Amino acid sequence: MRRGLTPSQTVGPFFHGGLLREGMNVLVRQDTEGQRIRLEGYVYDGDRAPVADAMVEIWQANAFGRYRHPLDQRPVPLDPGFVGFGRAGTDDAGFFWFETIKPGPVPFRGGVMQAPHINVAVSARGLLDCLWTRLYFDDDPATATDPVLRLVPEARRGTLLARRQPGTVPPVYRFDIVLQGDGETAFFVFEF
């Protein structure tokens with residue numbers, strides 16, 4: 001898709017007031033298949049100050065590795081108890097959280113499987129467009145060989161790891177997002 005002639009404008013201060021509703025950060029129901037996890041983190045700006053009015057969106061495959069999307073027609077179970085999309089705002093400390101499941105692996109080109117991962121979009125005041133990235137699980141052995149993560153310069157791969165917090169049941173993974181500067185999260189550019 002090509003952009004039209006109207007240029008992008010920065011996101012204003014009230015954008016997430018109309019886009020967030022209570023409960024959008026809970027992707028699971030009682031009958032959802034898979035391992036329950038809690039995903040939490042903070043959004044920071046380039047000075048490592050918290051971004052209090054950011055919006056974080058996630059979408060992911062279900063526990064079997066299938067997306068709830070019409071283009072995903074693979075013969076893999078589609079869990080009716082899992083929508084696969086969530087949205088959360090940050091609080092005054094830049095904190096956000098989701099209750100979801102650990103996704104299953106999904107195929108990549110050439111029959112290679114991708115490690116379990118969650119797609120992430122971040123919108124915040126002052127950005128022209130939302131930022132796109134992924135998170136991987138630091139304790140999953142498949143993460144080390146993921147074909148997309150291996151395209152990211154090695155020094156920046158750590159910015160895409162959600163780190164399991166010790167002693168948490170169900171597992172809690174921490175994934176902080178740094179919008180710019182030292183330790184900036186690796187963001188992806190998509191060509192449409």
Side-chain angles (χ1 to χ4, degrees), residues 1-2 19-41 55-88 96-123 129-154 156-165 168-175 177 185-192:
M1 171 192 297
R2 293 194 163 272
L19 297 174
L20 294 172
R21 292 191 316 269
E22 187 174 330
M24 292 184 77
N25 55 346
V26 178
L27 285 69
V28 294
R29 300 187 323 201
Q30 190 172 1
D31 61 340
T32 301
E33 301 273 356
Q35 179 188 23
R36 302 289 199 277
I37 64 170
R38 180 177 166 101
L39 173 64
E40 58 185 39
M55 183 176 71
V56 180
E57 295 177 316
I58 64 171
W59 69 101
Q60 64 176 91
N62 66 23
F64 305 103
R66 183 171 173 183
Y67 285 96
R68 179 171 291 283
H69 189 279
L71 293 178
D72 191 344
Q73 294 293 319
R74 291 174 295 128
V76 178
L78 184 60
D79 183 354
F82 186 66
V83 295
F85 173 81
R87 182 180 285 164
F96 67 89
W97 61 272
F98 293 93
E99 286 183 24
T100 185
I101 54 154
K102 187 170 180 182
V106 287
F108 192 61
R109 292 181 226 133
V112 175
M113 295 301 286
Q114 298 180 71
H117 64 275
I118 295 177
N119 302 295
V120 179
V122 184
S123 298
D129 293 305
C130 67
L131 301 172
W132 306 87
T133 190
R134 283 181 164 196
L135 73 83
Y136 293 88
F137 300 93
D138 73 333
D139 61 347
D140 192 306
T143 294
T145 58
D146 182 83
V148 175
L149 185 60
R150 291 175 63 90
L151 296 173
V152 176
E154 188 172 355
R156 301 197 58 207
R157 290 178 193 162
T159 67
L160 301 183
L161 296 180
R163 301 184 189 284
R164 184 170 179 169
Q165 303 303 290
T168 53
V169 179
V172 174
Y173 289 89
R174 170 116 180 232
F175 183 69
I177 300 167
T185 300
F187 296 106
F188 295 84
V189 175
F190 294 101
E191 299 288 331
F192 295 102

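This structure is a prediction, so every number in the text was calculated from the model and none was measured.
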side-chain hydrogen bond (donor to acceptor under 3.5 Å, both in side chains), paired with D72, selected from R68, R74, H69:
R74
Which heavy atom in [X] sits nearest to a heavy atom in [Y], and how many Å separate them?
| X | Y | result |
| --- | --- | --- |
| L20 | A88 | CD2-C, 3.8 Å |
| D140 | P116 | OD2-CG, 3.4 Å |
| C130 | A121 | SG-CB, 4.3 Å |
| A115 | D146 | N-OD1, 2.7 Å |
| R87 | M55 | CD-SD, 3.4 Å |
| V106 | A61 | CG1-CB, 3.7 Å |

Enumerate, atom names and distances included, each donor-acceptor pair closer than 3.5 Å involving a side-chain atom of residues 75-85, sequence neighbours excluded.
from : atom 1 : to  : atom 2 : distance (Å)
D79  : OD1    : G81 : N      : 2.8
D79  : OD2    : E33 : N      : 2.8

Tell me yes or no: between the side chains of Y173 and D139, is some donor less than 3.5 Å from an acceptor?
yes
Taking it one step at a time, do F98 and V26 satisfy side chain to side chain contact (heavy atoms under 4.5 Å, CB included)?
CA-CA 6 Å; F98 293 93; V26 178; over 6 Å; no
F137 side chain near P103 side chain, heavy-atom distance below 4.5 Å:
yes
Are the side chains of V120 and F187 in contact, using a 4.5 Å heavy-atom criterion?
no
[X] [atom1] to [Y] [atom2] distance, which is reported to the nearest 0.5 Å:
| X | Y | atom1 | atom2 | value |
| --- | --- | --- | --- | --- |
| Q114 | Y136 | CD | OH | 6.0 Å |
| I37 | R164 | CD1 | CZ | 10.0 Å |
| L160 | F188 | CG | CZ | 5.5 Å |
| I118 | T133 | CD1 | OG1 | 12.0 Å |
| R174 | R163 | CZ | CZ | 10.5 Å |
| L135 | I58 | CG | CD1 | 7.5 Å |

Test salt bridge (charged side-chain N to carboxylate O under 4.0 Å, His left out) applied to R157 - qualifying residues, sequence neighbours left out:
none
For side chain to side chain contact (heavy atoms under 4.5 Å, CB included), just list the numbers for L39 and F175, CA-CA rounded to whole Å, side-chain angles, deciding distance to a tenth of an Å, and then say yes or no.
CA-CA 7 Å; L39 173 64; F175 183 69; 4.0 Å; yes
Would you say [X]'s side chain and [Y]'s backbone share a donor-acceptor pair under 3.5 angstrom?
| X | Y | result |
| --- | --- | --- |
| R134 | H117 | no |
| Q60 | I101 | yes |
| T100 | L27 | no |

Side chain to side chain contact (heavy atoms under 4.5 Å, CB included), that's the test. Do R36 and V28 meet it? Break it down for me.
CA-CA 8 Å; R36 302 289 199 277; V28 294; 3.8 Å; yes
Carboxylate-amine/guanidinium contact R38 E40, below 4.0 Å
yes
